[in-house]
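Worth saying up front: this structure is predicted, and the values here are computed from it rather than measured. Counting convention: from 1, in listed order, for ligands and their atoms alike. The chain is numbered in sequence order, starting from 1.
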Amino acid sequence: MRIGRTLPPAATPIDVGAIASGLCGLFRGQQELDRFELELKEYFGVRHCFLVSSGKAALTLILHALKELSPDRDEVLLPAFTCFSVPSSVVRAGLRIRLCDQQPDNFDFAFAQLNALFGTPPAQAVVNGASHRPVQADEAAAGSRKALKRILAVVPTHLFGYPADVAKLRELIRDPGVAFVEDAAQAMGETRAERKVGTLGDVSFFSLARGKAFSVVEGGVILTDRNDLAEALNRLTDKLPRYGLLPRLKLIFMATALMLLMHPWLFWIPRSIPFLRLGETLFETDFPILKLSSFQAGLTRNWQQKLEKLREIRKRKVNRWIDILEAGGNDGSDLAGSRSLGLLRLPLRVSDEKKRAALLRESARMGLGIMPVYPTSIDAIPELRGMIKGGQFPVAESYARELVTLPTHGYLTENDVTKLSRLISRVLG
Ligand SMILES: *Cc1c(COP(=O)(O)O)cnc(C)c1O
């Protein structure tokens, strides 16, 4: 166990002022929630917004709503390397998981694999001379088309804050029965082609958990422009329970603890408490699905300015890391290619297993905040064995095996950067 200055791998500070506004929010009740909802609608330019207790609660409700609108469809297509909360939500919503592999140099879908799945619509097949193709191939294609009719939703995911190409996905999947659900949990405030992430699909969600782009201890936001979906979501969210007294006290306690303990001089404390399970990612389907509380809404006062400031800091650190990694000729930095993204953590590929283990061990010893990401791809989650559809996911598996992340938050000082880059060049060099 390390005692002393320890960098968290990701950090989204909550300050005293925010906690004061949170307590104010408690007294203002619904007004405070209405304010946050209105600000979100204005900022993103969307018609409908729903506030719930987490990102996974948000995704579960979205999937329930979609299922109500298309009862004959029951599959959700996910990237094979993503947060374990995502398949947890799919299972909680009573749906099936289909996976797609990802690209080796960003976390977007492997479009070739999707193309093989969704490509060759019937009309086009005839144009291309399908009559000369063997009958089995046609039957197989027809079979796969039938299988595709079960796909309810596809979840493009802006992992770490890299914006996924939702426009390309829409071009590729022309079935109007498939909904595009943006997982923008890690990407609040990011843009792609000058459009805000979270407004690119049919519906999207953000997470307001600790360590995300903006945090209120825990929380989830749903955005959509579709009236049919909003109606279904309205019905579903109306019925949701609120936080009880004890859970609200726990939120206040957690906000205060986060305010103090995220600081590098104190972070070693929560880090050394095993039951907090910091940094662990769990597959669990019995999470609460509640309305956001007015305390959490109160914590969001001035969120636009705060988010912008946090993103500016992260962008600067990301650019700093890219400069350093490029200068060092580090070949694991291909992921970092795009500058000026406010990534929550900077992913770095370390293919050599021994070097990666040494890097993680040394970082833990020195308190420098280098961390692995998700321990496996989604298909390897034991609870999901035998329940997954899709092919092979070699890239997703390599992400789980090889990635580590460097901190990009505001607690990272120039002195830390120097120590970290020395460590990286010593171990990987
Ligand atoms: C955090 C996260 C979620 C889930 O959000 P919670 O608020 O933690 O439930 C979903 N998807 C991704 C990519 C995430 O990082």
Side-chain angles (χ1 to χ4, degrees), residues 9-12 50-63 76-93 97 99-100 102 106-109 153-164 166 181-190 197-198 201 203-223 240 243 251 254-255 258 276-293 296 299-300 314 341-347 371-375 377-378 381 396 399-400 403 405 408:
T12 310
F50 303 89
L51 302 175
V52 295
S53 52
S54 68
K56 42 191 173 292
L59 178 57
T60 307
L61 290 161
I62 290 170
L63 294 174
V76 183
L77 182 66
L78 307 175
F81 181 73
T82 188
C83 178
F84 287 11
S85 302
V86 178
S88 309
S89 303
V90 177
V91 172
R92 175 73 178 265
I97 298 165
L99 296 178
C100 176
Q102 280 138 297
N106 71 57
F107 298 94
D108 215 337
F109 285 119
V154 180
V155 184
T157 304
H158 312 292
L159 215 57
F160 300 108
Y162 290 99
V166 183
V181 180
E182 277 182 87
D183 179 346
Q186 302 187 5
M188 195 178 194
E190 201 51 72
V197 153
V203 53
S204 68
F205 70 95
F206 299 109
S207 164
L208 304 175
R210 55 163 201 251
K212 307 289 173 152
F214 182 80
S215 173
V216 297
V217 183
E218 60 186 34
V221 174
I222 302 174
L223 301 180
L240 292 182
Y243 280 85
L251 283 175
M254 284 299 289
L258 285 175
L276 285 182
R277 308 186 130 191
L278 280 195
E280 269 186 51
T281 170
L282 301 171
F283 177 85
E284 52 166 17
T285 54
D286 58 350
F287 49 86
I289 302 184
L290 310 168
K291 291 181 183 173
L292 196 78
S293 74
Q296 290 155 301
L299 287 177
T300 68
R314 290 184 188 123
L341 290 171
L343 305 179
L344 298 185
R345 304 147 74 174
L346 187 101
M371 286 293 274
V373 193
Y374 311 122
S377 51
I378 299 302
I381 297 176
Y399 279 146
L403 285 189
T405 63
T408 60

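Counting heavy atoms closer than 4.0 Å to ligand 1, residue Lys56 contributes atoms from both its backbone and its side chain. Under 4.0 Å from ligand 1, not a single heavy atom of Leu59 appears. Residue-level proximity to ligand 1 for Glu218 is absent, since no heavy atom of it falls below 4.0 angstrom. Counting heavy atoms closer than 4.0 Å to ligand 1, residue Ser54 contributes atoms from both its backbone and its side chain.
A heavy-atom distance below 4.5 Å is found between the side chains of Leu61 and Leu240. Looking only at side-chain heavy atoms (C-beta outward), Pro372 and Leu403 stay at 4.5 Å or farther from each other. In this structure, Leu99 and Leu77 have side chains that are not in contact, with every pair of non-hydrogen atoms separated by 4.5 Å or more.
Short contacts between ligand 1 and Lys212, defined as distances under 4.0 Å to a heavy atom of the residue, involve ligand atoms 1 (C), 2 (C), 3 (C), 14 (C), 15 (O). Residue Asp183 approaches ligand 1 through these ligand atoms, each under 4.0 Å from one of its heavy atoms: 10 (C), 11 (N), 12 (C), 13 (C). For ligand 1 and Ser207, the ligand atoms under 4.0 Å from any heavy atom of the residue are 5 (O), 6 (P), 7 (O), 8 (O). For ligand 1, the atoms closer than 4.0 angstrom to any heavy atom of Gln186 are 13 (C), 14 (C), 15 (O). Listed by number with element, the atoms of ligand 1 under 4.0 Å from a non-hydrogen atom of Ala185 are 2 (C), 3 (C), 10 (C), 11 (N), 12 (C), 14 (C). Against a heavy-atom cut-off of under 4.0 Å, Ser85 is close to the following atoms of ligand 1: 4 (C). Per-residue contacts place Val86 under 4.0 angstrom from the following atoms of ligand 1 (heavy atoms of the residue considered): 10 (C), 11 (N).
Note that the CZ atom of Arg314 and the CG atom of Leu341 stand 12.5 Å from one another [nearest 0.5 Å].
At least one donor-acceptor pair closer than 3.5 Å links the side chain of Glu190 to the backbone N or O of Gly342.
Residues Phe214 and Phe206 place their aromatic rings such that the two centres sit no closer than 6.0 Å.
Under the 3.5 Å distance criterion, with hydrogens and angles disregarded, a donor-acceptor pair is assigned to the side chains of Tyr243 and Gln296.
Of the N or O atoms in Gly55, one or more lie within a sub-3.5 Å distance of an N or O in ligand 1.
By the 6.0 Å and 45° rule, Arg345 does not stack over the aromatic ring of Phe160.
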